[in-house]
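A short worksheet on the structure shown next.
Scope of the values below: all heavy atoms of this structure, side chains included, with no hydrogens, waters or symmetry mates.
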Amino acid sequence: MTRVLLVEDDAKLGQQVADGLRAAGFETEWAKRGDEALIADFSTFALVILDLMLPGAHGFDVLKALRTEHHHVPVLVLSARQNTTDKVRALELGADDYLTKPFWPEELIARVRARLRRPVLSADANAVSLGPLRIDFSARRVAVDGVNVDLTRVEFDLLAALARRPGSAASRAWLAEQILDPARDGDERSLDVHVSRLRRKLGDAGKRITTVWGVGYRLEDGA
């Protein structure tokens with residue numbers, strides 16, 4: 001069975017979510033505190049469902065620790081906090097999805113299943129293919145339908161950053177911090193220009209780079 005870690009301090013809601021996950025066929029472990037989640041072995045789970053307002057340690061601290069330790073398990077944040085700042089912060093720290101409370105249980109299960117269908121690449125993965133698009137990380141080479149595409153350093157790094165977590169949104173601030181050298185490449189305000197040029201060079205495959213309004217960009221992972 002696929003193992004899911006649920007981190008939720010609300011007893012009634014946590015029981016409902018845990019029961020729903022188990023009924024859907026997921027082996028579920030339930031942590032009721034943030035500090036309890038911090039000592040979990042994330043490598044044994046296929047997905048983490050994480051609340052933010054937790055006793056013991058804030059959900060952001062759990063998420064930051066998880067990504068700092070180079071765990072690539074998908075994380076779905078489940079929170080009553082609905083402001084854009086929290087959503088963007090969660091994505092910057094490496095969350096893959098964000099669902100606000102209250103929610104329909106069927107939607108949560110659908111999002112869990114959708115996230116688990118998407119590939120999650122380890123940091124040392126050499127290459128990935130998404131439809132006609134192939135990205136060779138070690139050789140820094142990109143091809144569309146077998147034809148190499150010449151990209152600048154920034155364009156390749158931008159595409160590679162999105163391809164590491166296909167199907168997940170990446171904030172503009174995070175992309176700019178990871179990719180752009182302010183002295184040479186500009187700042188967050190110039191990111192849209194780099195994205196536009198990258199899309200143009202990739203042709204029809206560039207349509208896979210979609211805009212997530214108010215957040216940033218996402219590389220779609222469909223066939």
Connected via hydrophobic side-chain network under 4.5 Å: [X] and [Y]:
| X | Y | answer |
| --- | --- | --- |
| F103 | L116 | yes |
| L162 | I135 | yes |
| V7 | Y98 | yes |
| V195 | L133 | yes |
| V142 | L175 | yes |

### Query
Could you go step by step and tell me if V144 and D204 meet the side-chain contact (heavy atoms from CB on, under 4.5 Å) rule?
CA-CA 9 Å; V144 176; D204 286 342; over 6 Å; no

Give a yes or no on whether the backbone of [Y] and the side-chain of [X] come within a donor-acceptor separation of less than 3.5 Å.
| X | Y | answer |
| --- | --- | --- |
| R22 | T28 | yes |
| W30 | Q15 | no |
| R199 | I209 | yes |

### Query
Can you list the residues that meet the salt bridge (Lys or Arg N to Asp or Glu O under 4.0 Å) rule with D86, with sequence neighbours excluded?
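In terms of salt bridge (Lys or Arg N to Asp or Glu O under 4.0 Å), with neighbours along the sequence ignored, D86 is linked to R81.
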
Could you check if a side-chain atom of [X] sits within less than 4.5 angstrom of a side-chain atom of [Y], using non-hydrogen atoms only?
| X | Y | value |
| --- | --- | --- |
| D150 | K201 | no |
| R165 | D96 | yes |
| L93 | R67 | no |
| R111 | L76 | yes |
| R208 | L202 | no |
| R197 | T152 | no |
| T2 | R113 | no |
| W174 | V88 | no |

### Query
Between R141 and N148, does a side-chain contact (heavy atoms from CB on, under 4.5 Å) hold up when you go through it step by step?
CA-CA 7 Å; R141 183 179 296 123; N148 288 338; 3.5 Å; yes

Atom pairs and distances, donor-acceptor, side-chain atoms in residues 34-50, under 3.5 Å, two or more places apart:
unit_1, atom_1, unit_2, atom_2, d
D35, OD1, R33, NE, 3.0
D35, OD2, R33, NH2, 3.2
E36, OE1, K32, N, 3.3
D41, OD1, S43, N, 3.2
D41, OD1, S43, OG, 2.5
T44, OG1, R3, NH1, 2.9
T44, OG1, D41, O, 2.8

Which value, rounded to the nearest 0.5 Å, describes the distance between [X] atom [atom1] and [Y] atom [atom2]?
| X | Y | atom1 | atom2 | result |
| --- | --- | --- | --- | --- |
| R153 | L180 | CZ | CG | 8.0 Å |
| D61 | L66 | CG | CG | 12.5 Å |
| R134 | D145 | CZ | CG | 13.5 Å |
| R140 | L159 | CZ | CG | 10.5 Å |

Which pair of non-hydrogen atoms, one from [X] and one from [Y], has the smallest distance, and what is that distance?
| X | Y | result |
| --- | --- | --- |
| A90 | L63 | O-CD2, 3.4 Å |
| D9 | P55 | CB-CD, 3.5 Å |
| D136 | A139 | OD1-N, 3.0 Å |
| T84 | G214 | CG2-O, 4.0 Å |
| K101 | E8 | NZ-OE1, 2.8 Å |
| E155 | L151 | OE1-CA, 3.4 Å |

### Task
For Y217, enumerate each residue passing the ring pair (Phe, Tyr, Trp, His ring centres under 6.0 Å) test, keeping only those at least two apart in sequence or located in another chain.
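Once residues adjacent in sequence are excluded, Y217 has no partner under the ring pair (Phe, Tyr, Trp, His ring centres under 6.0 Å) criterion.
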
#### Entry: Modelled atom types, side-chain donor and acceptor of S171 and R89, under 3.5 Å
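No, no side-chain donor-acceptor contact under 3.5 Å.
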
### Query
Does a side chain donor of either T210 or E220 reach within less than 3.5 Å of an acceptor in the other side chain?
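Note: T210 and E220 side chains meet the donor-acceptor criterion.
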
### Task
Please lay out, stage by stage, how V73 and L5 fare under the test side-chain contact (heavy atoms from CB on, under 4.5 Å).
CA-CA 10 Å; V73 58; L5 174 62; over 6 Å; no

### Message
Test salt bridge (Lys or Arg N to Asp or Glu O under 4.0 Å) on R218 and D97; report intermediate values, then the result.
### Response
CA-CA 12 Å; R218 174 175 56 229; D97 200 355; over 6 Å; no

### Query
Would L6 and F26 count as a side-chain contact (heavy atoms from CB on, under 4.5 Å) if you check the C-alpha gap in whole Å, the side-chain angles of each, and the deciding distance to 0.1 Å?
CA-CA 11 Å; L6 170 65; F26 298 104; over 6 Å; no

